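The structure appears right after this line, and notes come after that.
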Amino acid sequence: MENLTNFLLSANVWLIAKFFVLLAFFVYACFAFILVRQVSMMIEVVVTNLGSLIKMISIGLLIVAIAAFIAMILFL
Amino acid sequence: MPDLYTAKTDADKPINSVSPTKPETSISEKKLKIINELPVSTNPFSAFALNPSGVNFENQKNDETVLLLLRQHWGVNTAWILAGILFFFLPWLFKYFPGYYLLPEKYQLAVFIGWYLLLAAFVFEKFLSWFFNVGIVTDRRVVDVDFFGLLYKEISDAELDKIEDVTLKQVGAIRTVFDFGDINIQTAGEKANIEFNDVPHPRRVVKLLEDLR
């Protein structure tokens with residue numbers, strides 16, 4: 001217990017913050033991936049002229065999410 | 001004494017009178033006439049698209065024609081569009097939060113990027129929910145496509161001749177002014193009723209369904 005308390009007190013607060021920020025961006029990237037799957041399913045069920053555009057937007061969002069996650073790993 | 005009432009005989013009928021029993025083919029002819037008279041909608045964002053071009057759906061039969069595509073009225077989207085605009089400009093107010101400047105610059109940037117990513121997801125998800133939750137009326141049936149959450153879909157349909165009752169509900173001043181409401185389609189058998197909520201021009205939808213039945 002004492003060791004754990006010492007570890008928590010000595011831990012760098014920004015290291016913990018970095019961990020949570022990276023976790024948040026990772027979760028967002030997973031969400032963006034699920035969003036791409038969701039859009040694929042939706043455009044199969046209801047076929048419209050805008051289907052391919054909406055799919056491209058969802059893929060764009062996934063690319064931005066992954067890029068943001070990598071950027072956070074590199075720059076934080 | 002003169003007769004007060006005299007029943008009509010066959011001789012009184014006009015020679016070219018039409019038989020009250022309609023032939024079976026007249027129904028399809030009627031549908032064909034309705035289909036031909038419908039204007040073609042080319043606006044992909046329309047909430048009330050008659051004869052929409054380029055619209056198909058899963059399990060559509062080869063000879064089945066989409067006559068009407070319904071989405072929720074645009075007014076329903078007002079709340080999240082306004083929220084989106086508000087949230088877009090909110091980072092300009094971050095500087096007034098005392099805790100924000102205690103963060104190192106790179107963490108400020110992370111908050112900034114994270115905020116806009118969340119906003120993009122919020123707006124995109126709301127748009128998808130509106131765009132793909134549709135009601136479809138074809139020359140054969142009524143189809144209700146619902147998506148809940150991220151990966152759950154529910155598609156229910158009813159043949160036009162199985163429709164027993166169509167109920168229109170238009171409650172409140174806003175719905176009356178902007179002409180949108182709910183339509184409940186009761187079907188025969190154990191199938192669940194089909195509901196189109198907040199659709200524009202509900203009376204026209206009911207009229208079309210009546211004509212097609």
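Below, chains carry the letters A, B, ... as their sequence lines are ordered, and counting in each starts from 1. If you're wondering where the values come from, they're calculated on a predicted model, not measured in any experiment.
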Taking every non-hydrogen pair under 4.5 Å, which of [options] racks up the most with chain A?
| options | value |
| --- | --- |
| B:F127, B:F57, B:F147, B:F45 | B:F147 |
| B:P52, B:A121, B:A120 | B:A121 |
| B:L69, B:V143, B:V145, B:L128 | B:L128 |
| B:G114, B:S53, B:P44, B:P104 | B:P104 |

Answer with side chain, backbone, both or neither: which region of [X] has an atom nearer than 4.5 Å to a non-hydrogen atom of chain A?
| X | answer |
| --- | --- |
| B:V55 | both |
| B:F132 | both |
| B:L118 | both |

When rounded to the nearest 0.5 angstrom, what is the spacing between [atom1] in [X] and [atom2] in [Y]?
| X | Y | atom1 | atom2 | value |
| --- | --- | --- | --- | --- |
| A:Q38 | B:Y152 | CD | OH | 14.0 Å |
| A:T48 | B:F131 | OG1 | CZ | 4.0 Å |
| B:L109 | A:M72 | CG | CE | 5.5 Å |
| B:L117 | A:F31 | CG | CZ | 10.5 Å |

Q: Determine the option with the most heavy-atom pairs under 4.5 angstrom with chain B, choosing from A:I43, A:N49, A:L61.
A: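 If we count pairs closer than 4.5 Å to chain B, A:N49 comes out on top.
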(Q) I'd like to know which of A:V64, A:I54, A:V39 tops the heavy-atom pair count under 4.5 Å against chain B. (A)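 Going by pairs under 4.5 Å, I would pick A:I54.
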Exceeds 12 heavy-atom contacts within 6.0 angstrom, atom [atom1] of [X]:
| X | atom1 | value |
| --- | --- | --- |
| B:F178 | CZ | no |
| B:K153 | NZ | yes |
| B:L93 | CG | yes |

Q | Which atom of A:W14 lies closest to which atom of B:Y107, heavy atoms considered | A |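 Smallest heavy-atom distance, with atoms named: O-OH, 2.9 Å.
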Q | Nearest atoms (heavy-atom pairs only) where A:I57 meets B:F124 | A |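 Of all heavy-atom pairs spanning A:I57 and B:F124, the closest is CG2-CE1, 3.6 Å.
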**Q.** Proximity breakdown for A:V21 and chain B, heavy-atom pairs closer than 4.5 Å
**A.**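 Answer is side chain: those atoms of A:V21 sit under 4.5 Å from chain B.
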Q.
Counting only non-hydrogen atoms closer than 4.5 Å, does A:L76 touch chain B with its backbone (N, CA, C, O), its side chain (CB onward), both, or neither?
A.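 For A:L76, heavy atoms of backbone and side chain both lie under 4.5 Å from chain B.
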Q: Output the residues of residues 23-30 of chain A for which the shortest heavy-atom distance to chain B is under 4.5 Å, in residue-number order; output 'none' if no such residue exists.
A: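 A:F25, A:Y28 fall under the 4.5 Å cut-off.
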